[in-house]
Asker: 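Below you'll find the structure I mean.
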Amino acid sequence: METIRVIRGMRDIHPDQALWWQRMERRLADTLRRYGYGEIRTPLLEPTALFARSIGEETDIVEKEMYTFQDRDGSSLTLRPEGTASVVRSYIENTQWKKEPVSRLYYLGSMFRHERPQKGRYRQFSQVGVELIGSLEPAADVEMIDVMVECMNAIGLKDTSLQLNSLGCSACRPNYRDSLVVYLKQNQGDLCDNCRRRLDINPLRVLDCKAEACRRVADGAPKIIDVLCADCAGHFQTVRKGLENLALDYEINHRMVRGLDYYTRTTFEMVAAGLGAQNAVAGGGRYDDLVKTLGGPEIPAIGFAAGLDRILLKLQDTIPEPASPPNIFVVTRGEAGWRASLELMRGLRRAGVQVCSDVRRGSMKSQMKQANRRGARFVIILGEDELTAGRVTVKDMHAEENSDQKQIQVPREDLHGFLLNRLGLLEGVVG
Ligand code: ATP
Ligand code: MG
């Protein structure tokens, strides 16, 4: 029979890899908590219209990357390709602005985009996303960029650089758009088919195109920060000052318009060295009009999302792997030994220790082999002899072969204390 395989562009995460994910997620949650951000968990499925309306009909994501299908009642559903739209949908649905003037939210989870799979680019991938809703002030932009940088620091990501741009607002962007179209039309012959087609509908997208020829055209294009209105220019100036206060280095990238249509004013990206073409690890910006676009009041906001799969690729090249917690293996002899081991193991587990035994009930030799394979720090031996004598044999797998610490007889009632205290197991086990 033909075996069933994992879907192209999607992957299983096995336990040794999951240790990396768990450590990264723990550190992110801990950092975000310190900034006052609370976790929000929204469904993976949303009405298709949510993404069409927010991300924009003319974006790559909505045009060709969404996993969209019909529900049984005929309505159109989509697996979320990003997280901000869902957070805003929820924010509006819960009239959250009536409960708090400013909302600080984050999410962590899978996103789905039907892209060409390659290293660092998958069809199911994970993001952490952070949203700050309710402030028009540059203070919010600075907080958001600082949060992003500190999240990346907390998980140990190095060699990164920060890029910054402003996309203006509904007052100044139309003027920019017009002058951009004039410029792009003059250079139309050099653009890729896709960009030529989009020239009139969504010309800013051209600046974001990855095709080499389009990039060259984009490099010579008029720069939006030269034509910002006074409000947007002042806002951008204050954001830059705040970043300087935090001694955060950045460079201005005039081409950075981001791949989603809802962005306004400040946009930013973090890129990391050593990841080839997939070097953008995080990106975000203001989305001052999105709450209104999705049917809520006029409430400004800013946020970012970071791609955790990509970040992990880089971390695994640069930082030590997470240590697995110390563990114990219980080797039993005979039916009575096995039965006595059950309660002993439960007690140790309740005390916080990782304990395994051989559920295949193999020979002593094969049990010891398993203990070794699991990297057990201690092996407890429990058989008829030990039971009669009211003690167990503890083998310290780290001790020298002939030392008197290698194999110790411990009275049953002292075992917990012996393992937890004298052998210092408690540290690194709890917490
Ligand atoms: P890219 O330019 O690499 O396509 P993007 O601008 O589409 O990225 P965003 O939508 O801003 O990405 O998402 C934020 C982050 O999520 C990206 O910086 C990246 O790290 C990650 N990301 C986006 N798409 C994928 C993917 N298909 N696989 C893995 N990570 C991804
Ligand atoms: Mg993309």
Side-chain angles (χ1 to χ4, degrees), residues 12-30 33 39 41 108-109 126 154-155 312 319-401 403-431:
D12 302 315
I13 295 171
H14 296 280
D16 55 334
Q17 289 295 306
L19 284 179
W20 285 90
W21 282 91
Q22 288 169 350
R23 181 174 68 183
M24 179 165 64
E25 289 164 359
R26 258 197 318 270
R27 292 182 181 182
L28 287 168
D30 186 50
R33 179 185 58 78
E39 188 189 15
R41 301 188 185 197
L108 221 158
S126 274
I155 57 185
L312 203 59
I319 64 171
E321 66 184 290
S324 37
N327 71 90
I328 291 177
F329 199 89
V330 177
V331 167
T332 65
R333 268 190 299 238
E335 177 82 8
W338 168 66
R339 294 225 315 265
S341 75
L342 296 173
E343 207 197 337
L344 175 110
M345 292 196 292
R346 185 172 62 187
L348 288 169
R349 289 167 183 147
R350 285 180 176 172
V353 185
Q354 184 192 138
V355 187
C356 282
S357 67
D358 178 20
V359 287
R360 296 202 304 185
R361 310 273 334 270
S363 66
M364 278 290 282
K365 195 174 157 201
S366 102
Q367 292 186 58
M368 282 310 293
K369 233 174 162 172
Q370 281 193 53
N372 273 317
R373 189 173 303 131
R374 293 195 62 83
R377 173 67 212 279
F378 300 101
V379 172
I380 297 172
I381 301 168
L382 198 54
E384 312 276 349
D385 295 351
E386 281 86 359
L387 283 174
T388 324
R391 57 178 165 73
V392 295
T393 304
V394 178
K395 262 183 119 155
D396 182 347
M397 305 301 272
H398 284 188
E400 294 290 329
E401 206 41 60
S403 91
D404 56 357
Q405 294 302 307
K406 182 76 194 173
Q407 194 147 318
I408 313 157
Q409 304 292 318
V410 183
R412 274 289 298 269
E413 63 272 20
D414 295 347
L415 184 64
H416 273 218
F418 178 85
L419 289 170
L420 297 178
N421 300 326
R422 188 175 142 188
L423 301 178
L425 250 180
L426 207 53
E427 293 143 73
V429 170
V430 182

Asker: So, using side chain to side chain contact (heavy atoms under 4.5 Å, CB included) as the criterion, who are the partners of Ile13 when residues are at least two apart?
Answerer: Gln17, Ala18, Trp21

Asker: More than 12 non-hydrogen atoms from neighbouring residues, nucleotides or ligands closer than 6.0 Å to CD on Glu343, yes or no?
Answerer: no

Asker: Enter the distance from Met24:CE to Leu312:CG here, rounded to the nearest 0.5 Å.
Answerer: 4.5 Å

Asker: Going by heavy atoms in the side chains, are Val394 and Ile328 under 4.5 Å from each other?
Answerer: no

Asker: According to side-chain hydrogen bond (donor to acceptor under 3.5 Å, both in side chains), does anything in residues 379-388 pair up with another residue at least two apart or in another chain? List the pairs.
Answerer: Arg333-Glu386, Glu386-Thr393

Asker: Does atom CD of Glu413 have more than 12 heavy-atom neighbours, drawn from other residues, nucleotides or ligands, at distances under 6.0 Å?
Answerer: yes

Asker: Can you tell me how far the CG atom of Leu344 sits from the CZ atom of Arg349, to the nearest 0.5 Å?
Answerer: 9.5 Å

Asker: Has Arg339 got more than 12 heavy atoms of other residues, nucleotides or ligands less than 6.0 Å from its CZ?
Answerer: no

Asker: Output, in order, the C-alpha distance, side-chain angles, deciding distance and verdict of side-chain contact (heavy atoms from CB on, under 4.5 Å) for Gln367 and Val379.
Answerer: CA-CA 10 Å; Gln367 292 186 58; Val379 172; over 6 Å; no

Asker: Val355 versus Ile380: any side-chain heavy-atom pair under 4.5 Å?
Answerer: no

Asker: Are the side chains of Gln354 and Arg377 in touch, meaning some heavy atoms are under 4.5 Å apart?
Answerer: no

Asker: Side chains of Ser366 and Asp358: closer than 4.5 Å at any heavy-atom pair?
Answerer: yes

Asker: Does the side chain of Ile319 come within less than 4.5 Å of Arg23's, by heavy atoms?
Answerer: yes

Asker: So, Glu321 side chain and Trp20 main chain: donor-acceptor pair closer than 3.5 Å or not?
Answerer: no

Asker: Taking the side chain from Lys406 and the backbone from Lys395, do they hold a donor-acceptor pair closer than 3.5 Å?
Answerer: no

Asker: Considering residues, nucleotides and ligands other than Arg374, do more than 12 of their heavy atoms fall under 6.0 Å from its CZ?
Answerer: no

Asker: Can you give me the closest heavy-atom contact between Ser357 and Val330, atom names plus distance?
Answerer: CB-O, 3.5 Å

Asker: Could Arg27 and Asp30 be called an ion pair, given the rule that one side-chain N must be under 4.0 Å from one carboxylate O?
Answerer: no

Asker: Strictly distance-based, threshold 3.5 Å: is any side-chain N or O of Asp12 a donor or acceptor partner for the main-chain N or O of His14?
Answerer: no

Asker: Is atom NZ of Lys369 surrounded by more than 12 heavy atoms (other residues, nucleotides or ligands) closer than 6.0 Å?
Answerer: no

Asker: After noting the C-alpha distance and the side-chain angles of Glu335 and Arg361, does the key distance pass the side-chain contact (heavy atoms from CB on, under 4.5 Å) rule?
Answerer: CA-CA 10 Å; Glu335 177 82 8; Arg361 310 273 334 270; 4.1 Å; yes

